[in-house]
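Worksheet: the structure to be examined is printed underneath.
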Amino acid sequence: MMLRLILGRAGSGKSRLCLQEINDRLEKDPFSPSLIYLIPRQASFQAEYRLANFTPRGGSIRAQALSFKRLAWKVMQETGAKGHLFVDDTGKKMIMLKLLQENKDKLRLFRHAGEQPGTLAHLVQFYSEMKRYCLTSATLKEVLGEEKGEMPLLLQDKLADLALIMKEMEHNMEGHYLDGEDTLVILVKKIPESAYLQGAEIWVDGFYGFTRLEYQVLEALLKAGNKVTVTLCLDREYLPEEKLPISSPFYSSALTLQKLIQKASGNGVPYETILLARGKTAPSGSNAILEYLKENLYRFPLKPYPASREERETTSLILAVAQERRHEVEAAARKIVRQVRDAGYRWRDIAVLTANLEDYRHLFTSVFEDYEIPFFLDQRRPADFHPLVEFIRSSVEVVTRGWRYDSVFRCLKTGFLFPAPSEKDTEPEWRKRVSHLENYVLARGIQGSLWLDKKPWIYSSEDALEEDLLPPGENKQTQDRGPVINEINETRRFLAAPLGDFQQEFKEAANVRGKTAALFRLLENISAEKRLEFWSREDLKKGSLEEARQHAQVYNGV
């Protein structure tokens, strides 16, 4: 067993060294123990691609690029570590909501947290973060007991509520459910039993730091006799006892280096550090200006880049200062337009990066639209108010709450019950029909079983809102009401039929699986996926790239 620490600044060749060593092992002995390239989850695809293309054979089964959680699943499959029912964040929200309702009378500040989706999501995130760093409800109680005398009353109540909620979550999850954090706990226990990991050589690349659970995994790998190589972005070696300035750009990586050395020493594991020379293997496409910026950005006193006037005019890097954010975005918009108009670029060749997109989102939207720049904001947005989500929510309310007026028309106005979309867009016509239907229902006070009544609805001459149902310029004395009422009955029957079938199947279902299957069949019967595809094409024609992409994402999520 051995820990090897590869240090070097960005572009010094740390990742290339890892891939080269993996390739050398494959060339030397294709059938020796496993070679594992451990990388962050978000970089797994790129790492697999690079690993497959780096080897002359174009790939290998023995060498694999894995994230911590994928490694955990692989070991669990091998050792037969059968977890319980796996739940994601949505499942944990459901469990959390149940616990909040059951313990409502015991809570002080979080009594109504279950009624607030944002708060519920934050509580689940807090629970996952606690597990990630090996903290429990007992930890919160300990902090509350030790610091209670010095804490404000509000903070005491919050910690007491959190301790209670976390304790109930631990009790409900343990022995019944498995989440993403539990997989690493099981991995730590199963590493000694895994034949896949016996004698394996492991390269850990692309991390700035590790959670407490990930540190435990690395310790377990070292104890199992594995050789582990960890790369860290550092300009030099930092000794374990060295004090680090928090303002240093290498603070996180240096802290990680110190912790790894301490853990190796504490377990009697030998270690070595290798510092790669700067610029030894500079990344392809780098240029002198970027290299100078990388080397001198955090150095004081500042030194201007030694460039001639001609170089400054043709430089690929421009540092600009603006008085406010809007001026920044407008300057970027003008630059983008010039690049497309004069330099032969296409819109899709250009990206705009910000440290915090939320601070600039409304500015990009307004300024880029003013400059007629087509753009896509790569940002998560809540799907709560998407028509598909609203249709699902309201359709269930219709069949479980007796066809109330508000539930029915929230459902109809989403457009999912309209005739299947075609090249001829009939949606505006059907929205007009729904408007006429709504006026009639309001005038007559219709709700409940009347929606599924096989008998036609009939006008009453006393209806105060009859006029609203007739075309402009005509009144109830001159207009034959036959065609109007026929259209209303036709609209009502067409739109209510799928919901009627759904209601029958939903009520006959004996469990959650049956009710969910009924809902899914409703989405199939109304061609929900085709309608979303139609909306997506229409949005693309209008240049609304975000909305076009969102339709597919929401359907896949559902």
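Residue numbers start at 1 and run along the sequence shown. Fair warning: this is a prediction, and the values are worked out from it, not measured in the lab.
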Do [X] and [Y] make a side-chain contact, defined as non-hydrogen atoms from C-beta onward lying under 4.5 Å apart?
| X | Y | result |
| --- | --- | --- |
| H327 | E324 | yes |
| S395 | L519 | yes |
| V554 | L532 | no |
| I373 | V340 | no |

Kindly say whether [Y] contributes a backbone atom to a donor-acceptor pair with the side chain of [X] at under 3.5 angstrom?
| X | Y | result |
| --- | --- | --- |
| R431 | K413 | yes |
| R444 | I458 | yes |
| S128 | V124 | yes |
| D182 | D179 | yes |
| Q156 | M151 | yes |
| T491 | E487 | yes |
| K104 | R111 | no |
| D161 | L107 | no |
| D88 | G91 | yes |

So for atom OH, which belongs to Y208, do other residues, nucleotides or ligands contribute more than 12 heavy atoms lying within a distance under 6.0 Å?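 No, not enclosed.
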Counting only heavy atoms from other residues, nucleotides and ligands, does the tally under 6.0 Å from NZ of K515 exceed 12?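 Yes, enclosed.
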Thinking salt bridges, do [X] and [Y] make one under a 4.0 Å N-O criterion?
| X | Y | result |
| --- | --- | --- |
| K530 | E533 | no |
| E524 | R521 | no |
| R70 | E48 | yes |
| E390 | R393 | yes |
| E214 | K69 | no |

Decide whether E438 and Y405 meet the rule of one side-chain donor and one side-chain acceptor closer than 3.5 Å. yes
Consider only side-chain N and O atoms of T136 and E170, and report whether a donor and an acceptor are under 3.5 Å apart.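 Their side chains do not contain a donor-acceptor pair, so the 3.5 Å distance test is not met.
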Return the minimal non-hydrogen interatomic distance between [X] and [Y], and the atom names on each side.
| X | Y | result |
| --- | --- | --- |
| A496 | L452 | O-CD2, 3.9 Å |
| A509 | G514 | CB-C, 3.5 Å |
| L100 | F110 | CD2-O, 4.2 Å |
| A47 | Y37 | CB-CE2, 4.0 Å |
| L184 | F68 | CD2-O, 3.8 Å |
| A163 | S137 | O-CB, 3.5 Å |

Whether R492 engages the ring of W457 as a cation-pi pair (distance to the six-membered ring centre under 6.0 angstrom, angle to the ring normal within 45°) should be assessed.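 So R492 does make the cation-pi contact.
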Both conditions, 6.0 Å and 45 degrees, for the charged tip of R531 above the ring of F418: are they met here?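 R531 over F418 ring: no.
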Apply salt bridge (charged side-chain N to carboxylate O under 4.0 Å, His left out) to K541 and E538, showing your working. CA-CA 5 Å; K541 291 177 184 176; E538 293 299 303; 3.4 Å; yes
Look up atom [atom1] in [X] and atom [atom2] in [Y], then write down how far apart they are to the nearest 0.5 Å.
| X | Y | atom1 | atom2 | result |
| --- | --- | --- | --- | --- |
| K455 | N489 | NZ | CG | 13.5 Å |
| D349 | Q339 | CG | CD | 10.0 Å |
| K507 | Q503 | NZ | CD | 4.0 Å |
| L522 | F506 | CG | CZ | 10.5 Å |
| L178 | M173 | CG | CE | 7.5 Å |
| C134 | L213 | SG | CG | 4.0 Å |

Step by step, would you call R404 with E397 a salt bridge (charged side-chain N to carboxylate O under 4.0 Å, His left out)? CA-CA 8 Å; R404 294 179 181 176; E397 286 183 18; over 6 Å; no
Look at the rings of W451 and W403 and say which category their plane angle falls in: under 30° parallel, 30 to 60° tilted, over 60° perpendicular.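 W451 vs W403 ring planes: parallel.
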Out of the candidates E547, E427, H551, only one should pair with W535 under the side-chain hydrogen bond (donor to acceptor under 3.5 Å, both in side chains) rule; please name it. E427
